[in-house]
Visitor: 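Please see the structure below; I have some questions.
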There are 2 protein chains.
Amino acid sequence: MKASAATSQPASGAAGGRRRRATLSREAIIEAALSVGSSEGGSALTFSRLGKELGADPTAVYRHFRDKDELVLALTNRMVEESVKRVQGVDPARVGWREWLRRVASSVRAVYLERPAVAVLAATRTTATPAETASVERLIAVLHHAGLGVVEAAEIYRGLLDLTLGMTQATAAFALLPAEVQEQDVKAWTVTYAMLPESEFPHVRQSVPRLAELNRDDDAVFELVLDTFLDGVQARIDRLGAAGR
Amino acid sequence: MKASAATSQPASGAAGGRRRRATLSREAIIEAALSVGSSEGGSALTFSRLGKELGADPTAVYRHFRDKDELVLALTNRMVEESVKRVQGVDPARVGWREWLRRVASSVRAVYLERPAVAVLAATRTTATPAETASVERLIAVLHHAGLGVVEAAEIYRGLLDLTLGMTQATAAFALLPAEVQEQDVKAWTVTYAMLPESEFPHVRQSVPRLAELNRDDDAVFELVLDTFLDGVQARIDRLGAAGR
DNA sequence: ACCTGAACACCGTTCAAGT
DNA sequence: ACCTGAACACCGTTCAAGT
């Protein structure tokens, strides 16, 4: 458990210079929660830690949010906004639908994994905020223009997001486990799997260096899955094109 | 919060007739934990609930498991065993690699979703038990025989499992949320998204009935993703075949 | 040898009391 | 109007005491 650095980012839009211990506001609480949720130690987002970060009593948060769930929804919206912002300069017409989807998915994953303790709470939630609805419209539109029917485009959008958020939540949840537990998991691949008898486990033994590598690099596994999924989308589009001719 | 029915399955292998309040054993505790983890109410697996199910003091579990993590690992192994058992009658040579992988992934998902409170704890863990290692060997072998190189087969195996477990963990986590919170999420699609202005959100409006449907049916989304992923694997195999000729 | 029950350091949340 | 701090019903875990 390392001490979490109290590095709150400058507020977007608000005229800066917010002091610690200043009067609480939803904005200040959201910033503090994002900061607590990104702590290296990897422990959960709690009212106690949040109060410490704010320099206030833990229960003071209840003056601004009805309960923890309302805070989680506000944090989810913030991460959606941040994800959108990171790809807003990328034009799907220029880079192509495939590369654009890759970047959208990767930026969602990156934003979430920067705050694992928030990610485990946010990944499964729907906010229906402007940032989210605009993003959904955009994704379906791009898939439609790529050659899919509108409803099929919507299906692929949903699949892509569930796939991205699901795998990201799993990575975040693992990162929050105690260090000893994580090491145990690494050892399973570098020791147990590496020492399996070659006669019974020929395929495992031949690929175990790569498997151990992938076990330490969830991002690589995610990109592999993402690329394979997009290959499948491409195949679907090609099939429609062939049938339409 | 509904009362969880104390329906423990008959122990596999053991000569049946175990009584409640009998002397505790790892087996009895595992069965009780699986039962608690499958409760409809959707609340977490805790020592308190486990003790009630066993008719013993909650802390009695510590006589048989070092801590909760050791229990979780034992439960993970049980679910892996159960998943393997459900497909052991299916021969990949007969149904084809694609259909076999579909069934493997679907049975893992089904077994986990029957015990959501266990699934959220188990999905990210590696046990390195015989059931798991044998399963890994089998999966890589099947993908290799389908036409992939051994290392590439291992990569696809890993991707398929992370994809399956990640999406399943997300569904399980959502199922554990309080009922009001889940309803809120449903309403986001049937109300907020359904009422978005058509001029700004033409693609959403055209597909919103299907999106609302998918939102209530995570299994359908999973199957869509799985099929699209397997299409991508197929494309990869075709490409290798063409290059090899 | 195994189980019990008090205790501890945490969780989220409520509410009366402060300013 | 907003914050504090005691209190409550929970968490996992430890440990002395029981049988």
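Letters go in sequence order (proteins before strands), and every chain restarts at 1.
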Visitor: Just list the side-chain donor-acceptor pairs under 3.5 Å for residues 159-166 of chain B, sequence neighbours left out, or say none.
Guide:
| residue | atom | partner | partner atom | Å |
| --- | --- | --- | --- | --- |
| Asp162(B) | OD1 | Arg158(B) | NE | 3.3 |
| Asp162(B) | OD2 | Arg158(B) | NE | 3.4 |
| Thr164(B) | OG1 | Leu160(B) | O | 2.8 |

Visitor: Of all heavy-atom pairs between Val108(A) and Ser83(A), which one has the smallest distance, and what is that distance?
Guide: CA-OG, 3.6 Å
Visitor: Under 4.5 Å between any side-chain heavy atoms of Leu34(B) and Arg78(B), yes or no?
Guide: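 In contact.
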Visitor: Between Glu137(B) and Arg205(A), does any NZ, NE, NH1 or NH2 come within less than 4.0 Å of an OD or OE carboxylate oxygen?
Guide: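 Result for this pair is no, no salt bridge flagged.
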Visitor: Where along residues 170-184 of chain A does a heavy atom come under 4.0 Å from DNA chain C, residue by residue in number order?
Guide: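 Here the set is empty: none.
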Visitor: Output the rounded distance in Å from CG (Leu24(B)) to P (dC3(C)).
Guide: 5 Å
Visitor: Would you mind checking if Glu82(A) and Arg86(A) are paired as a salt bridge, meaning a charged N to carboxylate O distance below 4.0 Å?
Guide: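 Yes, charged N to carboxylate O under 4.0 Å.
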Visitor: Dot-bracket, 5' to 3', for DNA chain C please: Watson-Crick or G-U pairs under 3.5 Å, [ ] where pairs cross earlier ones, | where the partner sits on another strand, dots elsewhere.
Guide: ||.|||||...|||||.||
Visitor: Give me each pair satisfying salt bridge (Lys or Arg N to Asp or Glu O under 4.0 Å) with a member in residues 176-192 of chain A, each pair once, sequence neighbours excluded.
Guide: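 Found none.
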Visitor: Strictly under 4.0 angstrom, non-hydrogen atoms only: write out the protein contact profile of nucleotides 5-19 of chain D, one letter per nucleotide from the 5' end, B, S or -.
Guide: BB----SSBB-----
Visitor: When the aromatic ring centroids of Phe47(B) and Tyr62(B) are compared, is their separation below 6.0 Å?
Guide: yes
Visitor: Mind checking whether Phe174(A) and Leu177(A) have side chains closer than 4.5 Å, heavy atoms only?
Guide: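 Phe174(A) reaches Leu177(A) side chain to side chain.
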Visitor: Among all residues two or more places apart in sequence or in another chain, which pass the side chain to side chain donor-acceptor pair (under 3.5 Å) test with Asp57(B)?
Guide: Thr59(B)
Visitor: Nearest 0.5 angstrom please: Lys52(A) NZ to Thr46(A) OG1, how far?
Guide: 8.0 Å
